[in-house]
There are 2 protein chains.
Amino acid sequence: MTDAPLQTVTNAARLLKAFLTREESLGVSELSRRLGLGKSAVHRLLTTLAAEGLVEQDLHTGGYRLGLVVFELGEAVRVHMDLHAAAGSVLAHLREETGESTQVGMLDGHDVVYVDRLESSHALRLFTETGRRVPVHCTSSGKVLMAFAPEPVRERYLATATLARHTPHTLTDPGELRRALATVRARGWADAVDEREIGVASLAAPIRNAHGVVVAAIGIGAPVSRFRAIPRKRLARTIVEAGEAVSRRLGWSEEAPVLEKES
Amino acid sequence: MTDAPLQTVTNAARLLKAFLTREESLGVSELSRRLGLGKSAVHRLLTTLAAEGLVEQDLHTGGYRLGLVVFELGEAVRVHMDLHAAAGSVLAHLREETGESTQVGMLDGHDVVYVDRLESSHALRLFTETGRRVPVHCTSSGKVLMAFAPEPVRERYLATATLARHTPHTLTDPGELRRALATVRARGWADAVDEREIGVASLAAPIRNAHGVVVAAIGIGAPVSRFRAIPRKRLARTIVEAGEAVSRRLGWSEEAPVLEKES
DNA sequence: CCAGCCGTTCCGATATACGGAACGACGCTT
DNA sequence: AAGCGTCGTTCCGTATATCGGAACGGCTGG
């Protein structure tokens with residue numbers, strides 16, 4: 001890590017990430033501008049990646065897009081998320097019980113990545129998408145994941161993250177967020193109302209692996225209007241139980257928790 | 001393309017592909033051996049990719065595994081497969097009608113990649129997985145995709161592919177396969193019985209995009225025992241119709257086919 | 001307690017990847 | 001119709017980034 005990273009590989013990685021904007025296809029010149037690299041460099045990167053199947057060229061427009069190998073790799077990751085198997089039926093049950101969109105998210109840096117979801121059957125519903133990335137500090141899943149993260153990770157996050165204000169209700173002060181996370185840790189669940197987007201509410205609880213470590217969060221998202229109609233305590237209980245159900249499937253037994261030293 | 005590919009990026013790509021074996025995590029030394037690179041080079045590749053989130057280190061074992069960013073990228077690819085949206089309900093309908101496992105596959109080089117699937121409800125069923133790769137020459141989906149591929153692609157495939165024998169029924173002679181593909185092209189569907197694995201049968205039909213180009217194949221897979229019980233012609237008709245249904249959703253209108261010149 | 005493996009770090013020689021400029025093709029405007 | 005802008009692609013020389021080999025400390029199992 002003290003080593004200087006490989007420049008070319010870093011460029012290739014950033015190039016791939018440029019496609020996370022979900023644009024259909026990107027051209028050489030466009031990428032050259034976004035990455036601040038010469039056109040020839042980008043072109044060489046693209047042809048190299050194309051030879052490996054990571055990108056492919058649109059024969060009509062000349063632009064490039066992500067290749068099937070990337071899709072394959074993504075599926076390979078999904079397989080190792082035992083979550084995908086463990087959470088499936090629990091998500092369905094939770095959606096049935098609450099009628100709202102349900103998601104499972106994992107922590108990655110300063111963001112939450114949704115790795116599984118089921119949408120509400122209501123016409124007015126939260127639109128989520130697997131593979132989507134949302135901030136930690138203004139989502140219930142994010143708060144859960146950060147609340148139960150190892151202390152050094154949490155402190156490092158609080159020290160370095162930019163707590164962007166999305167609404168007047170967003171927590172933007174590190175100290176305030178630290179206290180909120182302590183509350184989450186104590187009561188075992190988190191909520192977020194109007195914090196990321198006005199009119200959107202969510203509630204989440206932790207999922208633990210066989211070692212008792214919190215590896216993901218399960219939660220629901222709903223319009224604030226419907227959210228208010230449900231007794232908060234009761235809803236929280238439902239979701240915490242859903243999280244425990246998934247945890248049990250991952251091999252965690254509540255009775256004999258494995259003590260983790262936070263070094 | 002006449003350019004020499006970027007060595008480091010090629011190495012990085014091959015490194016990522018090493019994880020396609022679906023092993024939980026791989027170590028530096030192991031990868032060094034498989035890729036034929038120095039340990040230090042592999043280590044630098046890994047730390048670089050880790051900094052970008054494409055891989056992550058297992059803190060317990062020290063090994064590395066694919067990171068969440070790869071999952072994100074994979075999901076970004078899925079979005080642009082309009083197939084995923086177009087084929088969903090058709091797949092469900094097809095499974096309901098036939099009771100068997102159904103899949104949608106796309107061509108990538110000498111392989112077929114399954115991008116969508118629904119499993120049979122029978123206890124004895126074909127196990128498929130999205131992101132899986134199977135050979136072209138011994139699968140019904142593969143034959144469909146290659147039969148309708150542009151002629152130069154097909155001829156290049158027949159000239160360069162190694163038609164590995166999986167069973168006594170596998171077509172391993174290029175000339176024989178060429179004739180089989182001509183038949184597929186003429187009648188509009190393909191089957192494969194005992195060709196990849198004894199006891200497994202499949203039948204597939206093409207899916208066309210708005211330009212009339214065959215971009216994917218839809219099909220079913222079943223144990224030969226059940227397969228025999230269904231009248232072949234009738235089953236083929238069902239699947240061809242399913243393919244046409246997906247094609248229509250992709251914007252293809254049968255009445256006004258766009259003529260493609262095969263340069 | 002030692003032997004062998006692991007992941008990590010350092011270093012010097014050389015191959016390599018970068019930016020800049022030029023090319024042919026395409027599409028839009030004038 | 002002609003011209004201008006942009007596209008993706010190719011070529012080239014130089015600066016430097018990348019590779020393999022060797023050495024290190026930690027861990028595990030014999």
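Here is how names work: the chains are called A, B, and so on, in the same order as the sequence lines, proteins then strands, and each is numbered from 1. Note that the coordinates shown come from a computational prediction; the quantities given were computed from them, not determined experimentally.
The distance from atom CG of B:Leu6 to atom C1' of D:dC19 is 15 Å, rounded to the nearest whole Å. The distance between atom CG of B:Leu45 and atom P of D:dC19, rounded to the nearest whole Å, is 6 Å. As a whole-Å value, the separation of B:Asp58 CG from D:dC27 C1' is 15 Å. For B:Leu35 and D:dG20, the CG to P distance is 11 Å, given to the nearest whole Å.
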Side chain to side chain contact (heavy atoms under 4.5 Å, CB included) between A:Arg208 and A:Val215, intermediate numbers included: CA-CA 6 Å; A:Arg208 298 170 186 274; A:Val215 293; over 6 Å; no

Assess whether side chain to side chain contact (heavy atoms under 4.5 Å, CB included) is satisfied between B:Val55 and B:Leu16, documenting all intermediate values. CA-CA 8 Å; B:Val55 303; B:Leu16 290 175; 3.9 Å; yes

Would B:Leu91 and B:Asp116 count as a side chain to side chain contact (heavy atoms under 4.5 Å, CB included) if you check the C-alpha gap in whole Å, the side-chain angles of each, and the deciding distance to 0.1 Å? CA-CA 9 Å; B:Leu91 272 178; B:Asp116 231 330; 3.9 Å; yes

Should A:Val134 and A:Gln103 be marked as a side chain to side chain contact (heavy atoms under 4.5 Å, CB included) after you check the CA-CA gap, both sets of side-chain angles, and the distance that decides it? CA-CA 12 Å; A:Val134 296; A:Gln103 314 98 30; over 6 Å; no

Pairs under 3.5 angstrom, nitrogen or oxygen only, protein versus nucleotides 19-25 of chain C, please.
unit_1: C:dG19; atom_1: OP2; unit_2: A:Gly38; atom_2: N; d: 2.9
unit_1: C:dG19; atom_1: N7; unit_2: A:Ser40; atom_2: OG; d: 2.8
unit_1: C:dG20; atom_1: O6; unit_2: A:Ser40; atom_2: OG; d: 3.0

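Each of B:Leu49, B:Leu45, B:Thr47 was checked for a side-chain contact (heavy atoms from CB on, under 4.5 Å) with B:Tyr64, and the lone residue meeting it is B:Thr47.
For A:Arg156, the CZ atom counts as loosely surrounded, since its 6.0 Å shell holds 12 or fewer non-hydrogen atoms of other residues, nucleotides or ligands.
Using a 4.0 Å cut-off on heavy atoms, none of the residues of residues 27-34 of chain B approach DNA chain D.
When the nucleotides C:dC18, C:dG7, D:dC19 are ranked by their closest atom to the side chain of B:Gln57, C:dG7 comes out on top.
In terms of phosphate contacts, B:Asn11 brings a side-chain nitrogen or oxygen within less than 4.0 Å of OP1 or OP2 of D:dC19. Phosphate proximity of D:dA17 to B:Thr8: absent, as no side-chain N or O sits under 4.0 Å from OP1 or OP2. Within the structure, every side-chain polar atom (N or O) of B:His43 is placed at least 4.0 Å from both OP1 and OP2 of C:dG7. Within the 4.0 Å cut-off from OP1 or OP2 of D:dT9, at least one side-chain nitrogen or oxygen of A:Tyr64 is found.
Annotation: of the two residues near DNA chain D, A:Leu26 and A:Val9, the 5′-most nearest-nucleotide partner is A:Leu26.
Figure legend: B:Arg154 and B:Phe148 shown without cation-pi pairing, the cationic atom not lying both under 6.0 angstrom from the six-membered ring centre and within 45 degrees of its axis.
Rounded to 10 degrees, the angle separating the terminal helix axes of the helix from C:dC1-D:dG30 to C:dT30-D:dA1, each built from five base pairs, is 40°.
For the residue pair A:Thr172/A:Arg165, the side-chain donor-acceptor check at 3.5 Å is satisfied.
Using a cut-off of 4.0 Å between Lys/Arg side-chain N and Asp/Glu carboxylate O, B:Arg78 and A:Glu75 are scored as salt-bridged. Between A:Arg178 and A:Glu155 there is a salt bridge, since a side-chain N of the basic residue sits under 4.0 Å from a carboxylate O of the acidic one.
The two residues B:Ala190 and B:Val144 have their closest heavy-atom pair at CB-CG2, 3.6 Å.
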